[in-house]
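See below for the structure under consideration.
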Amino acid sequence: MVGSAILRELRRQGYNNIVTRTHRQLDLINQSAVNKFFAAEKPEYVFLAAAKVGGIEANSSALADFMYDNMMLEMNVIHAAWRNGVKKLEFLGSSCIYPRMAPQPMPENCLLTSELEKTNEAYALAKISGLKYCEYLNRQYGTDFISVMPTNLYGPNDNYHPTHSHVLPALIRRFHEAKESREPEVTCWGDGSPLREFLYVDDLADLCIYLMKNYSGNETVNAGTGKELSIRELAELVAKTVGYEGRITWDSSKPNGTPRKLLDVSKATALGWTYRTELTDGIKLAYEDFLSNPMRAER
C-alpha cells in the first residue's frame with residue numbers, strides 16, 4: 001500500500017527513473033539477493049516501505065515471525081544501501097514504536113522512555129532497531145539516512161484479509177460483507193474505547209517525498225493528522241459509509257490494544273507539511289478502492 005502510493009506521487013511529481021521490485025521479484029529477507037540487487041542497480045535514493053504487517057490478532061499469534069521478518073528485511077536493505085553508497089535513505093516505521101503509556105500526543109523524543117504495548121511488541125522492537133541502525137550509521141559513517149513514523153494508514157491497495165488486516169480495512173470488509181448478507185448484527189473486538197488516528201496513504205507519500213527533499217537528522221519525524229477518534233466512532237463511520245444499517249456490538253473479552261495513540265505532528269508542521277485528506281473523505285475513497293477490486297479482499 002505505502003510503496004504504491006509513493007510510486008504514484010513520484011510519478012505525479014515528474015520522476016521517471018524509478019527502480020522497484022515486488023516481493024516475488026526480490027525477497028528482502030534474503031541478504032544475498034538484496035546485496036546483488038544494490039550492486040547491480042546502484043540506486044541513489046531509497047524509500048524503505050516494505051514490512052510484514054497486521055492487526056492485533058496477527059501480531060499476537062506470530063510474534064517470532066513479525067520480529068524476524070521485519071528485522072531481517074530492514075537490516076539487509078539499510079546495510080546494503082550503506083555499502084553501495086546510497087545518497088539518502090528513508091526508513092518507514094510505525095507509531096507503535098512509542099511506549100504504551102506515552103504522553104499524548106506522542107512526541108518523537110518519547111521513544112524508549114517506558115515499556116511497549118505487548119500486543120505489537122515484536123513488530124515495534126524490529127522497527128525501533130531499523131530506525132536506530134539508520135541513526136548509528138549517520139553517526140559512525142556520516143550517511144544521510146532518515147526515518148518517518150506514520151500513524152495508522154489506510155487507502156488504495158490496502159490489505160483486507162479477515163485476520164491479518166488493520167482495524168480500518170478490517171471494518172470496511174466486515175461491514176460490507178454484513179450488508180451483502182443482510183446480517184442484523186456485527187460484533188467488533190474490544191469495547192470500542194481506544195482512541196486512534198488515521199492518515200490517508202497518499203498524504204503519507206506526499207510527506208515522504210517532502211522529507212526526502214527537505215529533512216536530514218537522526219531523530220524520526222511523526223506522520224499523522226493530529227486528530228483522533230474512538231474505535232467505536234470509527235466503526236459507526238465505516239458502517240455509515242458502507243451503508244450497513246444493522247446493530248454494532250462489542251466483545252470486551254477481546255483485547256483493546258493501546259488505549260490511545262495520537263502523534264505529535266508539530267515537527268512535520270514546522271518543516272512546512274500538513275495532511276490534506278479528511279477521514280470521512282478518505283474512507284469513501286478506500287471503500288471505492290475496495291469495491292473496484294474484489295480479489296483484494298482475498299489477500
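On a predicted model such as this, the values are computed, not experimentally measured, just so you know. Any value given below was found using the heavy atoms of this structure, including those in side chains, with hydrogens, waters and symmetry copies removed. Throughout, residue positions are numbered sequentially from 1 according to the sequence presented.
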Taking the side chain from E197 and the backbone from N152, do they hold a donor-acceptor pair closer than 3.5 Å?
-> no
Are any of the side-chain nitrogens in E117 or K261 under 4.0 Å away from the carboxylate oxygens of its partner?
-> no
Any chance you could measure Q140, atom CD, to W82, atom CH2, to the nearest 0.5 Å?
-> 7.5 Å
For F145, check ring-ring contact (aromatic ring centres under 6.0 Å, His included) against everything at least two apart and list the hits.
-> none
Going through the checks in order, is the side-chain hydrogen bond (donor to acceptor under 3.5 Å, both in side chains) test met by D264 and N222?
-> CA-CA 7 Å; D264 181 342; N222 287 338; 5.9 Å; no
Is there a path of hydrophobic side-chain contacts, each under 4.5 Å between heavy atoms of I, L, V, M, F, W or Y residues, that connects L168 with V242?
-> yes
Return the minimal non-hydrogen interatomic distance between C188 and F175, and the atom names on each side.
-> SG-CZ, 4.3 Å
Given the rule that I, L, V, M, F, W and Y join up when any side-chain heavy atoms are under 4.5 Å apart, are Y123 and M71 in one cluster?
-> no
Residues in ring-ring contact (aromatic ring centres under 6.0 Å, His included) contact with F47, at least two apart in sequence or another chain | none
S95 side, atom OG; R196 side, atom CZ - distance, nearest 0.5 Å = 8.0 Å
Looking at D158 and P169, what are the two nearest heavy atoms and their distance?
-> OD2-CG, 3.3 Å
Would you confirm whether N70, through its side chain, and K52, through its main-chain N or O, come within 3.5 Å as a donor-acceptor pair?
-> yes
Among D203, D206, T225, L199, find the one that has a side-chain contact (heavy atoms from CB on, under 4.5 Å) with T277.
-> D203
With sequence neighbours excluded, tell me which residues meet side-chain contact (heavy atoms from CB on, under 4.5 Å) with R21.
-> V19, Q25, L26, F37, E41
CG/N17: more than 12 non-hydrogen atoms of other groups inside 6.0 Å | no
Which heavy atom of S114 sits nearest a heavy atom of P99, and at what distance?
-> OG-CB, 2.9 Å
Go through the steps for L131 and L111 under the test side-chain contact (heavy atoms from CB on, under 4.5 Å), then give the verdict.
-> CA-CA 11 Å; L131 73 89; L111 181 66; 3.8 Å; yes
Of all heavy-atom pairs linking N256 and G192, the shortest is OD1-N, 4.1 Å
For L112, check side-chain contact (heavy atoms from CB on, under 4.5 Å) against everything at least two apart and list the hits.
-> I128, K132
From CG (N109) to NZ (K267), nearest 0.5 Å = 9.0 Å
Rounded to the nearest 0.5 angstrom, the CD-CG distance for E121 and L63 is 8.0 Å
Over all atoms of both residues, closest heavy-atom pair of L89 and A81 = CD1-CB, 3.6 Å
ring-ring contact (aromatic ring centres under 6.0 Å, His included) filter on Y200, not counting sequence neighbours, yields Y154
Do N76 and L28 come close enough that some side-chain heavy atom pair is under 4.5 Å?
-> no
Under a 4.5 Å side-chain heavy-atom rule over Ile, Leu, Val, Met, Phe, Trp and Tyr, are I146 and F91 clustered together?
-> no
Got a sec, which residues hit salt bridge (Lys or Arg N to Asp or Glu O under 4.0 Å) with R8, two or more places apart in sequence or on another chain?
-> D202
Any side-chain heavy atom of K88 sitting closer than 4.5 Å to one from S216?
-> yes
Please list, one pair per line, the donor and acceptor atoms closer than 3.5 Å that link side chains of residues 279-287 to other protein atoms, with sequence neighbours excluded.
residue, atom, partner, partner atom, Å
Y287, OH, H176, ND1, 2.8
Y287, OH, K179, NZ, 3.4

Summary of side-chain hydrogen bond (donor to acceptor under 3.5 Å, both in side chains) pairs that have at least one residue in residues 239-248, sequence neighbours excluded | E185-R247
With sequence neighbours left out, the residues meeting salt bridge (Lys or Arg N to Asp or Glu O under 4.0 Å) with E9 are R12
F38 versus V46: any side-chain heavy-atom pair under 4.5 Å?
-> yes
Is the closest side-chain donor-acceptor distance between T249 and T187 under 3.5 Å?
-> yes
In Å and rounded to the nearest 0.5 Å, what is the CG to CG distance from L271 to L211?
-> 6.5 Å
Residues which pass salt bridge (Lys or Arg N to Asp or Glu O under 4.0 Å) with E236, listed by chain and number, not counting sequence neighbours = none
To the nearest 0.5 Å, atom CZ of F66 lies from atom CG of N120 at 10.0 Å
Does the side chain of L195 reach to within under 4.5 Å of the side chain of Q104, using non-hydrogen atoms?
-> no
Minimum heavy-atom separation for V148 to C208, with atom names?
-> CG1-SG, 4.2 Å
Common cluster, Y15/Y210, ILVMFWY with side-chain heavy-atom separation under 4.5 Å | yes
Does K42 NZ have over 12 foreign heavy atoms under 6.0 Å away?
-> yes
Can you list the residues that meet the side-chain contact (heavy atoms from CB on, under 4.5 Å) rule with K87, with sequence neighbours excluded?
-> E44, Y45
Is the shortest side-chain N to carboxylate O distance from R260 to E228 below 4.0 Å?
-> yes
In sequence, state the C-alpha distance, the side-chain angles, and the governing distance for S129 and M75, and then conclude on side-chain contact (heavy atoms from CB on, under 4.5 Å).
-> CA-CA 8 Å; S129 297; M75 290 297 173; 3.8 Å; yes
Is a side-chain N or O of N84 found less than 3.5 angstrom from the main chain of V86, in a donor-acceptor match?
-> no
Look at the side-chain heavy atoms of Ile, Leu, Val, Met, Phe, Trp and Tyr, link any pair under 4.5 Å apart, and say whether Y160 and F198 land in one connected group.
-> yes
Can you list the residues that meet the ring-ring contact (aromatic ring centres under 6.0 Å, His included) rule with W250, with sequence neighbours excluded?
-> none
Is the shortest heavy-atom distance from the side chain of E108 to the side chain of M149 under 4.5 Å?
-> no
Would you say the side chain of L153 lies within less than 4.5 Å of the side chain of V2, judging by non-hydrogen atoms?
-> yes
Note, D251 side chain near W189 side chain (heavy atom, < 4.5 Å) | no
Got R174 and E183 here, is their nearest side-chain heavy-atom distance under 4.5 Å?
-> yes
Got more than 12 heavy atoms from elsewhere within 6.0 Å of CZ, R11?
-> no
